[in-house]
Each structure stands twice: as structure tokens, then as C-alpha cells.
Amino acid sequence: MPALSAQQFVTRDHTVSLTPEQLLDMHEHMLLARKLDERMWVLHRQGKVAFHISGMGQEACQVGAAYAMERGKDWLHPYYRDMAFVMALGMTPRHLMLALFGKAEDPSSGGRQMPSHFGYAPSRIVSGSSPVATQCPQAAGIAFAAKLRGLDEVVFVCLGEGSTSQGDFHEALNWAGIHNLPLITLVQNNQYAISVPLEKQMPVENVADRGDAYGMPGVMYDGNDIFESYNVAREAVLRGRRGEGPTLLEAKTYRPTPHSSDDDDRSYRSRDEVEMWKKRDPILRMEKALRERGILDDAEQERILHRVMAKVDDATEYSQRAPYPRAEDAMHPVFGGLPHAG
Amino acid sequence: MPALSAQQFVTRDHTVSLTPEQLLDMHEHMLLARKLDERMWVLHRQGKVAFHISGMGQEACQVGAAYAMERGKDWLHPYYRDMAFVMALGMTPRHLMLALFGKAEDPSSGGRQMPSHFGYAPSRIVSGSSPVATQCPQAAGIAFAAKLRGLDEVVFVCLGEGSTSQGDFHEALNWAGIHNLPLITLVQNNQYAISVPLEKQMPVENVADRGDAYGMPGVMYDGNDIFESYNVAREAVLRGRRGEGPTLLEAKTYRPTPHSSDDDDRSYRSRDEVEMWKKRDPILRMEKALRERGILDDAEQERILHRVMAKVDDATEYSQRAPYPRAEDAMHPVFGGLPHAG
Amino acid sequence: MPVKSNIEALRDTMAAEMRRDPTIIITGEDVGQRGGVFRATEGLFAEFGPSRVIDSPLSELSIVGVGIGMALNGIRPICEIQFADFIHPAFNQIVNEAAKMRYRSNGQFCCPMVIRAPYGGGISGALYHSQSIEAFFCHVPGLYVLAPSTPYDTAGLLRSALRSPDPVLFLEHKKLYRAIKGEVPEGDFHVPIGRAEVKRAGDDMTIISYGLMLHESLKAADALAKEGVAAEVIDLRTLAPLDKDTILTSVKKTGKALIVYEDNYTGGLGGEIAAIIAENAFEYLDGPITRVAGPDIPAMPFSHPMQDFFLPNAEKIAAAARTLAAY
Amino acid sequence: MPVKSNIEALRDTMAAEMRRDPTIIITGEDVGQRGGVFRATEGLFAEFGPSRVIDSPLSELSIVGVGIGMALNGIRPICEIQFADFIHPAFNQIVNEAAKMRYRSNGQFCCPMVIRAPYGGGISGALYHSQSIEAFFCHVPGLYVLAPSTPYDTAGLLRSALRSPDPVLFLEHKKLYRAIKGEVPEGDFHVPIGRAEVKRAGDDMTIISYGLMLHESLKAADALAKEGVAAEVIDLRTLAPLDKDTILTSVKKTGKALIVYEDNYTGGLGGEIAAIIAENAFEYLDGPITRVAGPDIPAMPFSHPMQDFFLPNAEKIAAAARTLAAY
Ligand SMILES: Cc1ncc(C[n+]2csc(CCOP(=O)(O)OP(=O)(O)O)c2C)c(N)n1
Ligand SMILES: Cc1ncc(C[n+]2csc(CCOP(=O)(O)OP(=O)(O)O)c2C)c(N)n1
Ligand SMILES: [Mg+2]
Ligand SMILES: [Mg+2]
């Protein structure tokens with residue numbers, strides 16, 4: 001149950017209007033992200049790629065939110081763990097794999113950025129940088145532009161709970177509150193910022209507690225529960241669409257992997273803690289729920305898994321074979337060209 | 001009555017332990033700041049000085065806070081309207097006037113900074129810059145150092161309500177909350193940031209409402225009432241002294257003058273509003289209260305005013321005659337000199 | 001042609017462009033009813049209303065950050081930074097975000113936006129209302145940096161900036177807002193980004209400058225002319241990317257280069273210009289490339305004697321030019 | 001003498017200094033139990049505890065801002081910025097605050113503090129984990145900028161930095177953390193701030209560099225030596241203030257200057273060095289002052305072919321040196 005804050009934010013059960021096909025689709029999207037992610041770790045262990053940063057464990061809050069959006073109309077300014085989110089909005093395993101290998105065809109950056117720096121204009125996924133939280137005021141600006149232009153687009157922006165310590169977060173929420181912007185700030189609280197735990201990051205228990213300070217609902221929920229994730233996000237979308245303003249969402253979740261392939265998490269957290277959270281895995285929970293509802297059986301799960309693995313294999317092979325950028329490609333594009341250059 | 005927030009913050013009446021002499025002293029300090037301020041406006045109108053920025057109308061919350069502090073031990077990281085505050089802590093009318101004229105003897109900066117950029121080491125008044133809110137994390141650092149060193153100093157930092165929109169404010173309060181620092185953030189809410197009114201600055205009614213977001217009491221009070229100002233500040237000081245952590249104070253006040261000598265406030269607020277607030281003048285209210293308590297009569301008020309005007313006159317004359325810095329003084333001090341330069 | 005001050009040229013151009021292009025908006029502190037602390041946006045709130053002339057909260061980081069977002073979604077923002085000295089909180093959003101958006105997304109996204117910032121000293125503004133900030137930003141590929149010094153160039157370059165597909169930092173010298181006047185054509189005229197201009201022709205040496213110092217350099221050139229030294233004076237106008245052709249053509253002709261800037265000497269833009277000349281016109285030089293600039297102290301002091309000490313002026317420029325001419 | 005890597009020299013010096021001076025603390029992201037993402041503070045949390053090795057919230061602005069405050073009240077902080085690319089949010093606190101505190105208060109207050117920042121590329125870090133940031137800060141009077149390239153200099157300069165009465169930006173090249181080893185004396189030895197060092201002597205040209213490029217320049221000098229060109233290689237070590245004497249003495253001897261830096265070409269520190277030489281050694285030059293640097297693109301790309309394209313290396317340096325030598 002979301003804890004309400006500041007203004008009224010009543011979450012109805014929007015999942016009732018999801019068809020079994022849609023639910024299976026959501027399940028498949030989570031699974032696809034998970035399996036692709038696992039493959040990326042394997043490729044890293046094999047020394048085939050330089051770096052991987054995982055979205056594992058956070059798939060439910062991401063896919064739930066994606067399904068609450070209108071694709072091609074609403075915007076996402078993502079962060080580096082949003083692998084499931086961006087694929088649910090239209091990016092493909094090939095897209096992500098090409099970036100992992102730094103290949104020319106990588107649609108996010110043509111091999112310029114590190115992997116997981118998603119950016120894909122056809123899906124209105126805005127290119128992100130590495131400095132955390134810079135996306136927040138930018139997302140407020142996208143939402144502001146929509147409002148100024150009279151469009152009923154809503155904007156999601158994602159970040160980790162650690163990143164809320166940045167001034168950018170404060171300033172963005174302030175603008176969104178003042179101008180009642182259709183901005184949904186989705187904080188994926190996985191309880192660590194690399195090694196730094198929540199209590200060294202903020203003096204409040206919940207990020208959502210900060211909604212009040214910006215005159216907006218701060219809603220926290222179980223981010224490993226895709227149904228709750230969908231309901232809360234859908235409510236926030238409808239709110240934004242109706243011109244009722246911004247929402248701060250806090251998905252409680254966990255990152256079962258180290259921060260990145262460069263990290264070793266044993267220095268800062270116990271194995272027991274990690275194991276405990278693995279039992280709350282969002283994909284296992286989804287699978288169980290679908291089976292309980294009679295939507296999923298062994299055969300169907302098998303078919304899904306088969307499709308997923310085929311895509312993962314295809315992405316891997318395709319990307320390994322794909323050409324690197326040429327050295328001189330580095331020189332472009334710096335500027336777009338001036339209309340009145342002469 | 002202060003509106004409480006987050007944690008328990010009970011304001012007792014600490015003024016009962018103030019002697020009549022102390023109360024008269026507080027009154028005289030407010031009056032001194034006011035009369036000096038008025039003189040500075042006159043000098044500006046006469047074309048004798050380039051710039052003035054006023055602290056008028058905000059004397060009560062400043063002098064109230066200064067009296068709650070232990071001078072020479074507690075710190076103030078001030079802002080440009082803190083004329084009454086810094087004089088109550090030990091700066092003199094000459095000090096301020098010398099800065100107004102940009103004279104060499106200006107103790108704050110030797111004529112380097114604009115007037116009202118106070119800095120006075122003997123009183124632990126930290127040199128401030130012009131970019132607003134930068135003092136907030138610095139003040140948190142001073143408080144952190146006190147804590148690390150096992151000293152029971154408390155630190156006041158002042159800023160306007162508009163300046164709370166800066167990321168610096170958020171980050172500073174976050175540190176203070178996490179580490180339970182003896183930091184008192186005094187927001188002097190005079191309802192405008194130059195021309196920008198509160199509702200275009202923040203989506204909440206009170207700055208104090210934001211205390212919750214940092215796990216600290218947010219206390220708002222009538223900043224034009226020196227008794228209330230003293231009580232609230234004293235409580236916050238004791239809290240900090242006892243190791244109970246930071247407090248966010250919001251003094252509701254008003255700036256009856258234009259933002260600075262460069263401003264014309266008629267474009268953004270009505271004369272009626274200004275007149276209405278002039279009736280709530282903190283110095284008139286203090287005078288009335290002291291008279292009602294039988295502490296002040298006409299003769300005493302006359303004597304005080306006489307002393308005050310003598311100081312204002314002295315400061316004016318002294319500073320006008322004082323020498324300018326030499327041109328080459330501009331070259332120093334950039335560095336303090338390296339111990340191992342050779 | 002109407003005669004205008006820089007601030008009038010600025011205001012009129014913004015107004016004309018906003019009439020032409022409904023996606024242009026202005027945001028910044030006090031830009032609305034107050035019309036800006038320098039009055040650059042005076043009357044625009046009345047004409048265009050609160051949804052196109054938007055008072056921002058006091059937060060430079062997000063004035064730029066929100067501006068980037070607007071630019072990504074079809075709005076062309078003019079972001080006003082009240083004083084250039086206060087642009088530093090927005091440094092990350094400008095340097096890491098706006099300037100790198102096109103490159104990092106391989107051309108998928110870009111940030112057509114103009115960041116206006118009043119800069120420079122000589123107005124008793126002291127350390128934090130006098131800074132020259134151009135050197136920091138001229139080191140940032142992906143960003144145009146403009147610094148016109150005449151009403152004509154102000155209008156013409158601002159119009160070009162408002163058609164640029166990439167972010168532009170538009171620097172306005174505060175002391176020049178009202179100090180000089182000049183003719184400004186009506187209608188849709190442009191000064192191209194990336195082109196310096198020879199503001200005075202001469203054969204004996206090249207003085208390269210911009211901003212307030214351009215005018216001091218022109219004064220110095222007047223004085224030198226009386227002494228028989230014909231200085232060519234180049235107004236850079238666009239500081240990034242630099243117009244190397246105009247600089248090198250002139251220096252190859254005159255054989256001597258004097259670079260004048262108001263900013264701190266070390267690491268200022270003048271160093272880069274000197275380096276370009278030293279690398280590309282070595283054989284033509286018959287004197288050391290000389291720089292006249294502010295001293296290496298943290299910023300311009302308030303008190304007049306010290307402020308004057310900081311600022312280069314026509315006398316100091318002429319003195320350096322004489323030494324160079326005699327070389 | 002013990003042989004150490006740069007990261008070991010760094011860690012050992014911090015530990016030794018913290019034992020000596022109880023007012024030194026460390027703060028930054030993940031500096032505590034994690035020992036820093038590069039392991040620079042490994043073991044220090046265990047030795048000095050949570051009140052001297054303090055995990056900060058994820059907020060660079062206030063890592064520096066809080067550091068300034070600590071410095072004002074008797075604590076000497078070492079503020080770690082996890083990657084130099086993330087220093088930009090703290091730009092205002094460094095440039096407008098720490099660097100100007102002494103000047104603006106006429107010497108009443110100062111900020112003895114060290115800001116450590118791992119910088120530079122070649123480690124597949126892409127746009128935001130590869131940046132060279134020194135040029136921005138070398139333009140800021142009131143701030144020392146150090147960039148040692150050997151374990152000896154790392155230890156000696158860090159020790160000097162921790163005795164400085166003014167703020168120091170201490171830049172550590174990420175690719176050099178473990179790539180090279182060298183002898184480091186035990187005990188209280190210093191390398192003075194403000195002094196460059198001739199790392200290799202030669203008469204035919206002067207190569208001026210620092211950081212990773214110093215080592216590439218030394219490699220290039222090896223290759224050139226085999227071809228009969230004796231290059232003198234200067235390691236700047238302190239980037240601000242520059243050691244003009246060492247630079248000029250060498251260039252006056254060799255008559256040729258090649259400046260090598262990894263940062264973007266335009267506006268990089270190399271431009272300032274070229275300008276200093278052009279202004280002060282004009283008569284001694286017998287070739288154009290040449291620069292080898294990163295290209296003017298927003299930042300270093302991720303993919304190997306493009307990363308390699310960005311980075312200057314021994315071959316590119318030697319090629320430029322041959323052209324210059326043949327001049
Ligand atoms: C401005 C900035 N500082 C530091 C970093 C280095 N860094 C990358 S991710 C990270 C932790 C982020 O934690 P959180 O926001 O909780 O997100 P999570 O990784 O846990 O999902 C840090 C410190 C960065 N990317 N940007
Ligand atoms: C970073 C920064 N941006 C802009 C300014 C210009 N400026 C000076 S005072 C001021 C308004 C401050 O308002 P508030 O914080 O409410 O304080 P008040 O002046 O009302 O006491 C502004 C915008 C500044 N000094 N610093
Ligand atoms: Mg996290
Ligand atoms: Mg105010």
C-alpha cells in the first residue's frame with residue numbers, strides 16, 4: 001500500500017483493465033531484461049566487454065511504469081539501471097548489446113557513451129549523461145515545454161535514492177511544484193549508492209517523505225511488485241495528464257548485483273541481506289502471480305523463455321560481429337551546422 | 001506561536017531571564033542598525049556612495065538571534081541584510097561605513113568586496129560572497145568541524161527565502177540532518193527575491209515546511225517580534241549545544257525598502273502592501289513593548305537615540321575621511337605563502 | 001537606420017524574434033514584471049505574457065537545466081543568468097549537458113537555446129558582479145560563445161543565436177549596455193556566428209580584442225595613429241569557435257600581435273589566441289606576441305583605486321603597443 | 001627505498017599525514033568501508049574510524065562546500081571527488097568560494113584543504129569518466145593545481161598540499177594509478193609546489209607535459225634519441241601557478257617548444273604555456289611553438305577506435321617532434 005503524503009493520491013487498481021496478453025507481455029519484458037542482463041555479466045566475465053552495470057532486481061518498477069505510459073507520446077529521461085524500462089518502451093536487445101560492445105550501430109550514442117547510457121529518440125527516451133540527477137531539471141523542462149505547447153504529454157525521470165542528495169533533484173522538484181508540471185520523478189530506492197547506505201545518504205526514512213517539501217504527493221510502494229508499480233505509475237500518469245501536477249514516486253527495491261562490474265559489494269553488505277532480497281525477486285513474484293491467476297503455465301513459460309533466449313542470443317551474435325566505429329567518426333557530431341554560416 | 005514540524009520543538013519563554021538592561025541593549029542595537037541604514041540611503045541619494053543594500057525591517061529576527069548566541073564562541077555565516085546581526089555580534093558602525101565607502105580600513109575586505117559583505121574574524125562572522133546560499137554548506141562544515149573537535153559551538157547561517165531554491169540549501173540541510181550538526185539555518189522570509197514573490201519561488205506556503213524533508217524541526221515565527229525571535233533562536237541554540245541537532249528557522253518578515261539602491265520596487269508590489277507592513281515595524285513594536293513593561297520612557301529613548309546618532313555621525317565622518325586602498329593593494333592577498341616553498 | 005544602445009538592440013531583437021517565432025520563451029530571475037535587473041526584458045512581459053516571459057526561482061543550475069529540457073521538446077528558451085558571476089552553479093548543466101547532448105546522442109538530440117549573461121567590470125560590482133567568464137566556456141566544444149561589443153553586432157548575433165541548432169552562451173558587457181550607441185538595421189539581418197571583424201584597418205600591428213576592451217583598444221589605436229603607428233583592430237565577436245582566418249591574415253600582414261582582454265591574464269582567452277598565432281604565423285612575426293589583461297588576482301575589487309588597477313584601459317594598451325611597435 | 005605505484009604512494013602518504021596531523025579528515029563518496037572506487041583510501045577507515053574517514057552523501061557541491069567550512073574551523077579536509085568529470089557541480093564552491101576566501105576577507109579567513117580528483121582517459125571511461133579538467137581551474141587565482149605523474153611526486157606533492165594554507169586541487173591520472181611504479185622515500189619528504197622538473201635532459205627541443213602525456217612524451221623522446229634528436233622533457237607537476245622559469249630556461253636553450261596535453265586542444269593549458277613562451281622567449285625561438293593535444297570534441301568516446309583517436313600518444317608526439325625538429 002502506498003503511503004500517502006501531502007495531497008490526496010488515491011491509487012485505484014488499474015491492473016483490472018490489463019488483458020492477460022498484456023500481463024504476459026509485461027512478464028516477458030521483465031524476463032528479457034533479466035536474461036539480457038545475465039548475458040552481459042557473462043560477457044564481462046569472459047573478458048569480451050569492458051564494463052557492465054546491471055538493472056537486475058529493479059525490473060518490476062520499470063516495466064510497471066512503462067506500461068502506464070503512452071508510448072511515443074510520453075517521455076522517459078532514464079538512468080543507467082533502466083534496461084527493462086527502455087526495452088519496454090521500444091529499445092531492443094540488439095540496441096543494448098551494440099552499446100555494450102561499443103559498436104557503430106549502437107543507436108544511443110554510436111559507441112560514444114558507456115553502455116547503459118540509453119537514448120532513443122523514436123521512443124522519446126532522452127539521452128542521459130553519467131553525472132547523476134542532471135536529468136531531473138531537464139525532465140522538468142521537457143514537461144514545462146509540453147505544458148507551454150498545450151500538449152498532454154507526461155514525463156518520467158528516473159534516478160537512484162542516492163542521487164536525490166544532489167542539488168539538481170531539489171531544484172527540479174521545486175520547478176515542477178511551482179508550475180504544476182506533468183513530471184513523474186521515479187526514485188528507484190535500492191538502498192545503496194555504490195557502498196553508501198540510506199542512513200548515510202539522507203536523514204529521512206523514505207525519499208517519498210520529501211514530496212511535501214515540494215507540494216506534491218510522495219508515494220512509496222513495493223517496487224518489486226509489478227502490479228503495485230503499475231497502479232501507482234498509472235495514477236501518477238493520469239494525474240499529470242489531467243493537469244494536476246507532478247508526483248514523486250519511490251519504488252522500494254534492491255540491487256542484488258554489485259554496483260557495476262568494477263564493484264565488489266562484499267565490503268559493505270552481508271551475504272544474508274543479499275540472499276534475503278533474492279527471495280523477493282520481482283520476476284519470481286510475477287511468475288507466481290500469473291500462475292495463480294491461471295494465465296501462465298509451464299508450457300507458456302517455456303515458450304516465453306525460448307523467445308527471450310533467442311533474442312538474447314541474436315543480440316549477442318549480431319553485436320559481436322557488428323563493426324566498430326571508424327576512428328575519425330569521433331570528430332562528429334559536435335555542431336549541427338548554422339543556417340546563416342555565410 | 002511557532003508552528004512545529006517533524007520533531008518536537010517546544011519554545012519556552014527564555015526572555016524572562018533577560019534583564020531590563022539587556023532588553024534596552026537589544027532595543028539600542030536595532031535602533032543603531034536602523035539609523036545607520038537610513039544614513040546609508042541618504043549618502044546614496046547624495047551620490048556619495050555607489051551602492052547600498054538594506055537590512056531595514058529585519059532587525060528583530062537578527063538581534064533576537066544574536067542575543068541567543070554566545071559571542072566569540074558561536075559562529076555566524078551571514079547574508080547581506082544582516083547589518084543588525086553583525087553589529088549585535090561586535091562589528092561597529094565604523095566598520096560598516098568604511099565598507100560602504102570602499103575604504104582601506106574596512107575590516108571585512110579592505111575595500112575589496114561590495115558593502116554588506118560582512119566578514120569579521122574576531123566575532124566569528126565568516127566572510128560571505130554574493131552568490132546566494134553558498135554559505136549553507138560551508139556553515140554545515142563549520143558545525144561539522146565543531147562536532148569533530150568536540151566543541152559545543154553552534155553555527156548560524158542566514159539567507160533569504162528566495163535563496164532556498166538553490167541546490168546548496170538542499171545539500172547543506174541534508175548533511176546537517178544526516179550528521180545531526182549544530183547548525184541553525186535562519187531563513188529571513190521577507191516574501192520577495194528582488195521582484196519574485198514567494199509563490200513563484202516555491203510550491204509550499206512556508207519554508208519551515210521543508211524541515212521534515214531533512215529530519216529537523218522547521219520553525220516559523222514572527223520575525224518582527226524580537227521576543228519571539230529570541231525565544232526560538234535560544235531554543236535552537238540550546239538544542240544544538242546539547243547535541244540534538246540542526247534546526248530550520250523561518251522568520252516571517254518584510255523588506256520595506258527596495259531590494260537595493262539599484263532597484264525600483266514599484267513595478268512589482270503595491271504601496272498599500274508596503275504601508276501595511278510599515279505598521280508592523282519591529283522597532284516600533286519593541287519600543288511599545290518596553291514602554292508597556294515600564295523599562296523605557298521618553299527620556300531614556302532620547303538618551304538612546306542620542307548615543308545612536310552620535311555613532312552614526314562618527315562613523316560617517318570617520319569613513320569619509322579615511323583613506324582609500326592603494327591601487328597595488330589589489331594584488332594581495334591571493335595566497336598565504338607556502339611553508340615548503342623552497 | 002535607427003540608433004540604439006546595446007540594451008535597446010538586445011531588447012528589440014528579442015521582441016522581434018519572439019514575434020516571429022512563437023516557440024521562443026524567456027526565463028530567468030526577475031525577467032517578468034521587473035523587466036530584468038538591467039531592463040533587458042522590459043516591456044516583454046506586458047507584450048508576451050507570463051507563459052513566454054517566465055520568472056524563474058533563484059536557481060541557475062535549473063534555469064539552464066530546465067532550459068535544456070524545454071529545448072528538447074520544441075521550445076527555444078532564452079535563459080537569463082542575472083550576472084555572469086552566478087553562472088557557476090550551472091556549470092555542470094552547461095558543460096556536461098547542453099554542450100555534450102548532440103555528441104553523446106550521436107545527433108539524436110540537441111539543445112537549441114541561448115544563455116544570456118551580463119559580464120565584465122568597471123561598474124563598482126566588485127568580486128561577484130564583475131567577472132569575465134568566457135575562458136571557461138571557450139574550452140567547451142559543443143557550445144558557441146558570443147560577445148558582441150556594438151549594438152549592430154548585438155542585434156545581428158543575437159538573431160543568429162536564436163536560429164542556431166546548438167546552445168549559445170551570449171555574453172553582454174555590463175558597462176557597454178548604455179555607454180555606446182550605434183546604428184542598427186531594421187528587419188531580419190544577421191551577423192554570422194564564427195566571424196571576427198576588422199573594426200579598424202592598419203599595417204603596423206594587430207590588436208585583437210572584444211567586449212569593453214575592444215573600445216579601449218580602438219581608443220588606444222586613435223592615440224597610436226597620432227604617433228604614426230597604424231594599428232589594425234580586430235573585434236572577435238565570436239569567442240568560440242575562434243575566427244582563425246581573420247586573426248592570422250591580419251597578423252601575417254602586420255607581423256605584430258597585441259591581445260587585449262579584461263579577464264585574468266593566466267588561462268584567459270588571450271593565451272589561446274597567442275598560441276594560435278605562435279603556432280600558425282611563426283614566420284611572419286617580428287615581435288613577441290604581447291598580452292594586456294587583468295592581473296592574476298581572484299577578481300575585480302570594489303574600491304575605485306583597486307578596480308582601476310585591475311582594468312586594462314586605452315593608456316595601458318597604448319603603452320604596451322608602443323613597446324611592441326618599437327621592437 | 002620502497003617501490004610503489006601511484007595509488008600506493010597516495011594512500012601511504014594520506015595515512016602518514018593523518019597520523020601526524022589529527023585535524024586531517026577525508027570525505028567523499030564511498031571513501032569509508034569501500035575504500036574508494038579506486039581503492040585510494042583502502043584501510044584508512046579501519047585505521048582512523050568513521051569520524052576521520054567520512055562517507056559523504058552523493059553531492060559534490062557540498063563535499064567541497066562542507067570541506068570549506070571544516071577548513072574554516074580547524075579541520076583540514078581531503079575532499080575526494082570520485083571522478084574529475086563530476087567536479088562541475090562543485091565549480092561554484094571551488095571557484096567563487098574556496099579560491100576567493102582569502103582575498104575577499106583580506107586575509108582574515110582561508111581554506112586549507114585538498115580536493116582530490118581522478119582525471120584523464122584511456123580506461124574506456126567514455127565522455128564522463130575520462131575528462132581532463134585542469135584548464136578550467138588553472139584560470140582561477142587563489143587555487144593551487146597539482147598533477148604529479150610519478151609515485152615520488154605524488155607522495156611529495158601530496159605532503160606539501162597537506163601543509164598548504166590555501167586550497168589545492170590535486171589531480172591524479174587514473175591510467176597511472178597502477179601502470180607505473182617508482183621509488184618513494186620514507187619519512188617527511190616534500191616536493192615543492194610551483195616547481196616543474198626536467199625529467200629528461202636534451203638540447204634540440206623542449207617537450208613540456210604532465211600526467212599520462214608525460215610518460216608518452218618520455219617514450220617519444222626515447223624514439224627521437226635513436227634518430228639523433230635530443231629532446232628535453234619537462235614535467236610541470238604543478239599546473240598553477242606555472243613554473244615559468246623552468247619552462248623558459250629550457251626553451252631558451254633548445255629554441256623549440258612542443259607542448260603535449262591530453263585535454264581538448266582549444267583553451268587547454270597548453271595554450272597558456274605557448275603564450276608564455278611566445279611572449280617571453282620570442283628571440284630564442286627557431287620554430288613554431290607546437291601543440292599536440294586531444295581534438296576539439298566534447299569528450300573522449302567509449303569505443304576503442306575513437307578513444308585511441310582522441311588520445312595523443314608517443315607516436316603522435318614523435319611525429320610532431322620530427323616536423324618541429326626539421327624546421
Ligand atoms: C555527480 C556524480 N557523482 C558521482 C558519480 C559516481 N556514481 C555513479 S553511480 C553512483 C551511486 C548512485 O547511487 P543511487 O543514486 O542510489 O543509484 P543506484 O546506483 O543505487 O541505482 C555514484 C556515486 C556520478 N555518476 N555522478
Ligand atoms: C546565485 C545568485 N543568483 C542571483 C543573485 C542576484 N540576487 C541577489 S539578491 C537576490 C534575491 C535574493 O532573494 P532572497 O533570498 O529572498 O533574499 P532577500 O534579498 O529577499 O533578503 C538575487 C536574485 C545572486 N546574488 N546570487
Ligand atoms: Mg541506490
Ligand atoms: Mg526575500
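Every chain is numbered from 1 and lettered A, B, ... according to where its sequence line falls, protein lines coming before strand lines. Nothing here was measured: the structure is a model prediction, and the numbers come from that model.
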**Student:** Evaluate whether atom CZ of A/Arg266 has more than 12 neighbouring non-hydrogen atoms of other residues, nucleotides or ligands under 6.0 angstrom away.
**Tutor:** no

**Student:** What residues, two or more places apart in sequence or in another chain, satisfy side chain to side chain contact (heavy atoms under 4.5 Å, CB included) together with A/Met331?
**Tutor:** D/Pro295, D/Ile297, D/Phe309

**Student:** Under a 4.5 Å heavy-atom cut-off, does chain A meet the side chain of D/Phe86, its backbone, both or neither?
**Tutor:** side chain

**Student:** Sort A/Asp329 into side chain, backbone, both or neither according to what part of it lies under 4.5 angstrom from a heavy atom of chain D.
**Tutor:** both

**Student:** Using only heavy-atom distances, determine whether the side chains of A/Glu273 and A/Tyr254 contain a donor-acceptor pair under 3.5 Å.
**Tutor:** yes

**Student:** Within 45 degrees of the axis of the six-membered ring of D/Phe170 and under 6.0 Å from its centre: does D/Arg116 put its NZ or CZ there?
**Tutor:** no

**Student:** With a strict 4.5 Å heavy-atom criterion, list every residue of residues 55-65 of chain D that contacts chain A, or say none.
**Tutor:** D/Asp55, D/Ser56, D/Pro57, D/Leu58, D/Ser59, D/Glu60

**Student:** Is it true that the side chains of A/Trp41 and A/Thr257 contain a donor and an acceptor less than 3.5 Å apart?
**Tutor:** no

**Student:** Pick from A/Ala50, A/Ala193, A/Pro325: which one has the most heavy-atom pairs with chain D under 4.5 Å?
**Tutor:** A/Pro325

**Student:** Checking heavy atoms, do the side chain of D/Asp308, its backbone, both or neither come under 4.5 Å from chain A?
**Tutor:** neither

**Student:** How would you list, by chain and number, every residue that makes a side chain to side chain donor-acceptor pair (under 3.5 Å) with D/Glu134, sequence neighbours excluded?
**Tutor:** D/Tyr210

**Student:** Does A/Tyr324 have A/Lys103 sitting over its ring (NZ/CZ under 6.0 Å from centre, angle to axis within 45°)?
**Tutor:** yes

**Student:** What part of A/Ala99 gets closer than 4.5 Å to chain D, counting heavy atoms only: side chain, backbone, both or neither?
**Tutor:** backbone

**Student:** Relative to chain D, which segment of A/Leu100 carries a heavy atom at a distance below 4.5 Å: side chain, backbone, both, or neither?
**Tutor:** backbone

**Student:** Give the member of A/Pro115, A/Ser267, A/Ala330 that has the highest number of heavy-atom pairs under 4.5 Å with chain D.
**Tutor:** A/Ala330

**Student:** So for A/Asp264, is it side chain, backbone, both, or neither that comes closer than 4.5 Å to the heavy atoms of chain D?
**Tutor:** both

**Student:** Considering only heavy atoms and a distance below 4.5 Å, find which of D/His129, D/His304, D/Met300 pairs most often with chain A.
**Tutor:** D/His129

**Student:** Under a 4.5 Å cutoff for heavy-atom pairs, which residue among A/Ser109, A/Gly160, A/Ser165 has the most contacts with chain D?
**Tutor:** A/Ser165

**Student:** Is the NZ or CZ atom of D/Arg291 both under 6.0 Å from the centre of the six-membered ring of D/Tyr265 and within 45° of that ring's axis?
**Tutor:** yes

**Student:** Would you call the rings of A/Tyr80 and A/His259 parallel, tilted or perpendicular, taking 30° and 60° as the class edges?
**Tutor:** perpendicular

**Student:** For the residue pair A/Arg112 and D/Phe302, would you count it as a cation-pi contact if the rule is NZ or CZ under 6.0 angstrom from the ring centre and within 45 degrees of the ring axis?
**Tutor:** no

**Student:** Among residues at least two apart in sequence or on other chains, which ones pass side chain to side chain donor-acceptor pair (under 3.5 Å) with D/Asn73?
**Tutor:** B/Arg149, B/Glu153

**Student:** Please rank A/Thr164, A/Asp263, A/Thr134, A/Val132 by heavy-atom pairs under 4.5 Å with chain D and give me the top one.
**Tutor:** A/Asp263

